[in-house]
Amino acid sequence: MTRVVNAVRPRLARAAGAVRPGLTRATDAVQPYFERTVAAVKPQVTRLARIPRPKAVKTWQYTAGAATAGLALAATVATAAGPWDSSGQRTAERDQAVALERTGGTDHGGDSGTTAAGPRPAPSAPSVLAGLGAAANTVKSAPTGKALATVLDPLLGNTALGTRHTAAVVDVATGKRLYGAGAGTALTPASTTKIATAVAALSALGADHRLITRAALEADTKELVLVGGGDPTLTARADAGGWASLRELAEETATALKKRDIATVTLSYDKTLYAGSEIHPIGVNDNLAPVSALMVDEARTDNTASGPAPRTTDPAADATRKFARFLADNGIRTTSPGPSKATGRAENLAEVYSPPLSALVERMLTNSDNDIAEALARQTAVADRQHADFAGGGKAIRDQLKKLGLPLAGADFHDGSGLDRADRLTADLLTSLLVKAADPAHPDLRPALTGLPVAGFTGTLTSRYTDGAAGVVRAKTGTLTGVNTLAGTVVDQDGRLLAFAFLTSDTTDPGAAQSALDRTASALAACGCG
C-alpha cells in the first residue's frame, strides 16, 4: 500500500493543481454522486487494507490494486468518478472537473472524431472503477433471470442481429449465470477470440513476462545476429514511447563492438523462434502483418500504431535493414543482412525488453491488435511446447484454458486474433473467461479485464456509447462479414458487476448490428433488475 501511495502521489499532485480552480463551482454539483461513489468502494478499500503487504510489488499487483487504492487516495481532489487506465490513474475525473468550469474537455481517443470543432467535454463515467473493484460486493442482490429476459429478449430479437444469436450474462461475484440464450452453442467469435488469447498467454507466461530482442556475436566468424524474440511492439521510432527500442539496441551493440575493436561485421537475422507459414489463412491483409518472430512497428509501412495499414512482406529482413542503418549511425559497417540462426556459442552483446506481458495484453485488447494477438498465441505455443505456428497456437490456447477448468465444449481455435472464420467460441466460454480474470485466485489474469476498451473513452469503443453507458461498459468487439460480437463487463444500476457475451451470425448490416449490440449492453447498464 505504501508503494502504491508513493507511485500515485505525483499524479495526484498534478491532478489537484489542474482541478483546483474549478472545485468550488463543481463541489455542489457532484457532491451527492461523489458520496455515493465513496460509499460504494469503501468495502473494497477496507478489504485492501487488510491484505498483508507483499515482499515485491509485481506488475499485476499494481494493475489490479491501483484502481481501488487510488480512489481512496484521490478523495481529496476528485470531483467526479471516472474510468481508470492500466496504471490506476483517474483520467476522466479531471476532465469532468474542467468540463464543469468551461465548455471544453479532453478528447480521449486522439482520432475519435470529436476534435473537428475543438474537444468536447469528457463524458462522465461513474461506475468503471467501482465496478472492477467490486466483484465481491454483496450489498445488492444480483438481477433475476426473469427480469433480465424481459429486458434482453426483445433487444436480441432485433432482425439486425441476423438469423442466429447467442447470449449469456453472469454475475461476476458468484459466477452464476443469470441469463442464457443458446449460451452453449459455438459460433464464429471474430475478435472476441482475443479474450481467450489474453487469458491463455497470461496463464502460460505470467503477467510480468517480457519478450527479449538481442544482438549476438559469433566470435569465430564475427557474424552479428539480430535475434527475434517475438516482440511485435519493438519499435524503430525515435520516440519509443516505453516500448523496446531498436535504436537503443543498435547503440548498445555498437558500443560493445567498439570495445572489442570491431568496426565491420557480417549481419544476419534469426527469426526461428516461430515456425510454419507467416501468412494467415485469410491471405495478405492490411489487418495483419506476416507473423514473424522479428519485426519492428508491426511491419507497418506508414506512421500508424494501430488499425489496418500496408505492411512489408518480409518483416525480419526489414527490421534488420533498419538495424543496419542505426549501426551505421554509430560507426559500425555491415554487410547486407540475410537469414541465419544464432548458435549456443554466440555472445550476447546487447538486448532490449518489451514491457511486461500485462501491457501487451492491454494494448492488444484496447486496440484489437491482431499482430500482438498472433504473437501471444505463438508465445503461448512456445511455453506449452507446441509447434509455434497457427495450429500450435490454437492447441496451446485450448490447453491453457483447459487447465483453468473453463467450459470448452464446441470451442475451436485456429488463430489468436479471431480473423479465421473457422474459430468457434460459446457465450458460456467468453463469460467464464471474464469471470476467471476477475477471480482473486488468478491475479495474473487481471489484464484481460483492465485491457477491455472503456465505452466512450478508449480503443475500439472510443466513439461508442457516448450518449448512454459511457464508462459503465467495458467490452471487446468482434466484426467479420456477417458476424458481430460483443463481450465484456458492465455495472448495473444496483452496482453489480456483470459479465456478458453476445454473438451473432448472418448479419447483413454491420452498422445496424453493432448499434443493436450496443443497445443491449446499455440495457444491462440501465437495469435495476434485482
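These numbers come from the heavy atoms of this one structure, side chains and all, not from hydrogens, waters or symmetry mates.
- Using modelled atom types and a 3.5 Å distance limit, the side chains of T426 and D428 yield no donor-acceptor pair.
- Within the structure, the salt bridge (Lys or Arg N to Asp or Glu O under 4.0 Å) test picks out the following pairs touching residues 509-529 (sequence neighbours left out): R464-D518.
- In plain terms, the two heavy atoms of A167 and A427 that are nearest each other are C-CB, 3.8 Å.
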Yes or no on side chain to side chain contact (heavy atoms under 4.5 Å, CB included) for F502 and L524, after CA distance, side-chain angles and deciding distance? CA-CA 12 Å; F502 307 132; L524 277 178; 4.0 Å; yes
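- Nearest heavy-atom pair across P189 and L503 is CA-CD2, 4.0 Å.
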List the atom pairs, donor and acceptor, that lie under 3.5 Å between side-chain atoms in residues 179-188 and the rest of the protein, sequence neighbours left out.
unit_1, atom_1, unit_2, atom_2, d
Y179, OH, D153, OD1, 2.4
T188, OG1, R421, O, 3.4
T188, OG1, R424, NH1, 2.9

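- Between the side chains of N367 and D369, no donor-acceptor pair is found at a separation under 3.5 Å.
- Nearest heavy atom pair, residue A523 against residue V151, reads CB-CG1, 3.7 Å.
- Contact record, G230 with L211: O-CD1, 3.4 Å, taken as the closest heavy-atom pair.
- Side-chain contact between V291 and F390: present, with at least one pair of heavy atoms (C-beta onward) separated by less than 4.5 Å.
- Within the structure, the salt bridge (Lys or Arg N to Asp or Glu O under 4.0 Å) test picks out the following pairs touching residues 391-412 (sequence neighbours left out): D384-K403.
- For the pair D318 and R311, the minimum side-chain heavy-atom distance is 4.5 Å or more.
- Side-chain atoms of T174 and R496, non-hydrogen and from C-beta on, do get closer than 4.5 Å to each other.
- Under the side-chain hydrogen bond (donor to acceptor under 3.5 Å, both in side chains) criterion, R378 pairs with no residue at all, not counting sequence neighbours.
- Residues I279 and S277 approach most closely at N-OG, 3.1 Å, considering heavy atoms.
- Checked by atom type, the side-chain pair H280/N285 shows no donor-acceptor distance below 3.5 Å.
- E374 pairs by the salt bridge (charged side-chain N to carboxylate O under 4.0 Å, His left out) definition with nothing, not counting sequence neighbours.
- For residues 160-170, every residue pair satisfying the salt bridge (Lys or Arg N to Asp or Glu O under 4.0 Å) rule, not counting sequence neighbours, is listed here: R164-D506.
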